[in-house]
Amino acid sequence: MKGLWLASEKDKMSLRSLKESDCVTTTGFKLKQTFGNFNPNVYVFRNMFDWNMPMWKLDRDPKYNGKIVIGWVGLTSHFEDLKKMKPILKHIHDKYSNTVFILAGMALKDTTIEINERLDGTKDVKESEVTDEKNTYRYKVKELYGDFNKNRIEILDAVGLEQYGKFYKDIDIGLSYVERNTFSQCKSEIKSVEYMKYGAVSIYSNWGGYGDMLKLMPDKLRQESRELCIDTENPNTWSEVIEKVINNIDYYKNVAGKLQYWVEDFYDVNKQTHDRIDFYNRIVEEHVEKQTHSIAKHSVLID
């Protein structure tokens with residue numbers, strides 16, 4: 001993906017956009033810090049949701065009644081996360097027979113990218129569809145989790161953005177495990193927010209946008225849910241926290257209910273509309289003021 005980005009010279013396009021903009025808005029503090037190397041006027045607006053969309057109002061499938069559903073949702077850039085999560089989930093799978101696992105977001109179409117450099121320095125990008133099933137993302141994930149009881153794990157394909165909420169409606173415990181690298185540090189916390197919207201107990205890495213989210217919570221709620229935000233990649237720590245939640249599911253579901261109420265308010269795009277409008281109006285007014293001042297100064301110099 002990085003090779004494709006560079007071959008298409010999107011890195012140059014992005015840098016030009018950053019440098020020539022009057023201001024830049026982004027979704028998290030790490031991205032603000034990164035973009036600040038190219039533009040001094042960077043502002044953070046968290047990712048928001050329209051909770052009125054039908055996909056956020058779905059009912060749980062009754063087939064999961066009496067089960068604890070542990071879920072993970074993510075696209076293909078998370079394969080290394082899935083590999084590191086495997087021993088964590090296998091431990092829980094073997095110890096708790098009442099658990100069911102959902103891994104959602106498998107690629108609908110697998111492609112390979114071939115990049116060739118021409119003699120003049122330009123690059124040719126060729127995209128080909130993967131036809132061998134064993135080379136598909138779904139197959140690799142299925143093989144990775146092949147020692148799970150087939151009746152206790154579901155591997156679901158990705159869907160259109162307008163249907164994404166369907167993955168979360170059945171989950172009791174939602175995991176947002178990310179590697180502690182710079183790429184993950186730039187991600188936003190939307191996965192955890194989506195778990196919380198459906199009342200799932202969200203367990204997440206204290207990294208990037210997820211760590212930001214914890215700091216944004218009201219003090220009391222942050223204290224109640226702090227142990228669900230994990231500071232390490234250590235699989236034993238993750239297993240211990242998941243076990244604690246399973247063994248005290250009613251208590252943590254109560255905490256999840258408070259988090260659900262919070263995200264429905266804090267991450268509601270409709271409640272942020274006026275703030276965004278005021279922000280852009282202020283930016284425009286400041287720009288006009290600068291332009292007017294520049295013209296007036298130029299006129300004085302001519303006189």
Side-chain angles (χ1 to χ4, degrees), residues 46-74 85 88-89 92 96 98-105 154 156 163-178 188-231 237-272:
R46 313 306 300 185
N47 277 320
M48 296 286 163
F49 297 82
D50 184 354
W51 301 127
N52 293 319
M53 294 180 68
M55 67 173 172
W56 301 117
K57 300 178 180 180
L58 301 175
D59 294 324
R60 179 184 172 96
D61 192 324
K63 73 178 182 180
Y64 296 115
N65 290 347
K67 303 290 184 181
I68 295 177
V69 181
I70 300 176
W72 177 91
V73 181
M85 284 169 51
I88 300 168
L89 296 183
I92 300 299
Y96 297 92
N98 63 330
T99 54
V100 175
F101 300 83
I102 292 177
L103 305 178
E154 294 185 61
L156 306 178
Q163 302 177 58
Y164 218 66
K166 66 179 282 189
F167 291 141
Y168 298 94
K169 65 183 181 63
D170 300 316
I171 294 174
D172 295 299
I173 301 173
L175 304 182
S176 299
Y177 178 106
V178 293
S188 82
E189 67 274 23
I190 57 173
K191 188 188 303 185
S192 274
V193 174
E194 290 167 335
Y195 290 137
M196 291 174 182
K197 173 62 177 92
Y198 268 110
V201 181
S202 180
I203 303 175
Y204 52 97
S205 298
N206 187 10
W207 194 245
Y210 300 105
D212 292 350
M213 178 181 66
L214 182 70
K215 295 173 185 175
L216 292 167
M217 291 179 189
D219 290 344
K220 186 178 179 180
L221 191 56
R222 182 168 60 252
Q223 292 169 9
E224 287 185 310
S225 62
R226 175 64 184 86
E227 61 187 326
L228 302 175
C229 180
I230 301 179
D231 293 318
T237 302
W238 278 80
S239 296
E240 289 168 6
V241 173
I242 296 171
E243 283 194 54
K244 187 174 182 180
V245 171
I246 291 173
N247 294 330
N248 301 276
I249 192 67
D250 290 337
Y251 170 79
Y252 286 101
K253 276 287 191 177
N254 180 262
V255 174
K258 298 177 184 178
L259 288 165
Q260 179 182 22
Y261 181 79
W262 175 66
V263 299
E264 286 177 342
D265 178 64
F266 188 83
Y267 289 92
D268 186 345
V269 71
N270 296 300
K271 293 183 179 180
Q272 301 295 325

**Prompt:** When rounded to the nearest 0.5 angstrom, what is the spacing between CD1 in Ile242 and CD1 in Ile230?
**Reply:** 6.5 Å
**Request:** Run the numbers on Arg60 and Asp172 for salt bridge (charged side-chain N to carboxylate O under 4.0 Å, His left out), then give the verdict.
**Result:** CA-CA 10 Å; Arg60 179 184 172 96; Asp172 295 299; 3.1 Å; yes
**Prompt:** Parallel, tilted or perpendicular: which fits the ring planes of Phe167 and Tyr164, with parallel below 30° and perpendicular above 60°?
**Reply:** perpendicular
**Prompt:** Ring centres of Tyr267 and Trp262 under 6.0 Å apart?
**Reply:** yes
**Request:** Kindly compute the distance separating CG (Leu259) from CE (Met213), expressed to the nearest 0.5 Å.
**Result:** 7.5 Å
**Message:** Would you say that more than 12 heavy atoms from the other residues, nucleotides or ligands in this model lie under 6.0 Å from the NZ of Lys244, or not?
**Reply:** no
**Item:** Qualifying residues under side-chain hydrogen bond (donor to acceptor under 3.5 Å, both in side chains), relative to Tyr204, sequence neighbours excluded
**Value:** none
**Asked** Partners of Asp265 by side-chain hydrogen bond (donor to acceptor under 3.5 Å, both in side chains), sequence neighbours excluded?
**Response** Lys271
**Message:** Can you confirm whether the side chains of Tyr252 and Glu224 place a donor and an acceptor under 3.5 Å from each other?
**Reply:** no
**Request:** Answer whether the closest heavy-atom distance between the side chains of Arg46 and Asp212 falls below 4.5 Å.
**Result:** yes
**Item:** Minimum side-chain heavy-atom gap Thr99-Lys67 below 4.5 Å
**Value:** no
**Message:** Does Lys253 form a salt bridge (charged side-chain N to carboxylate O under 4.0 Å, His left out) with Asp250? I'd like the steps, not just the answer.
**Reply:** CA-CA 5 Å; Lys253 276 287 191 177; Asp250 290 337; over 6 Å; no
**Request:** Could you tell me if the ring centre of Tyr198 sits under 6.0 Å from that of Tyr195?
**Result:** no
**Separation between CE of Met196 and NZ of Lys191, rounded to the nearest 0.5 Å** = 13.0 Å
**Message:** Could you check whether Tyr96 and Glu243, counting side-chain N and O atoms only, form a donor-acceptor pair closer than 3.5 Å?
**Reply:** yes
**Request:** Classify the ring geometry between Trp56 and Tyr168 as parallel (under 30°), tilted (30 to 60°) or perpendicular (over 60°).
**Result:** tilted
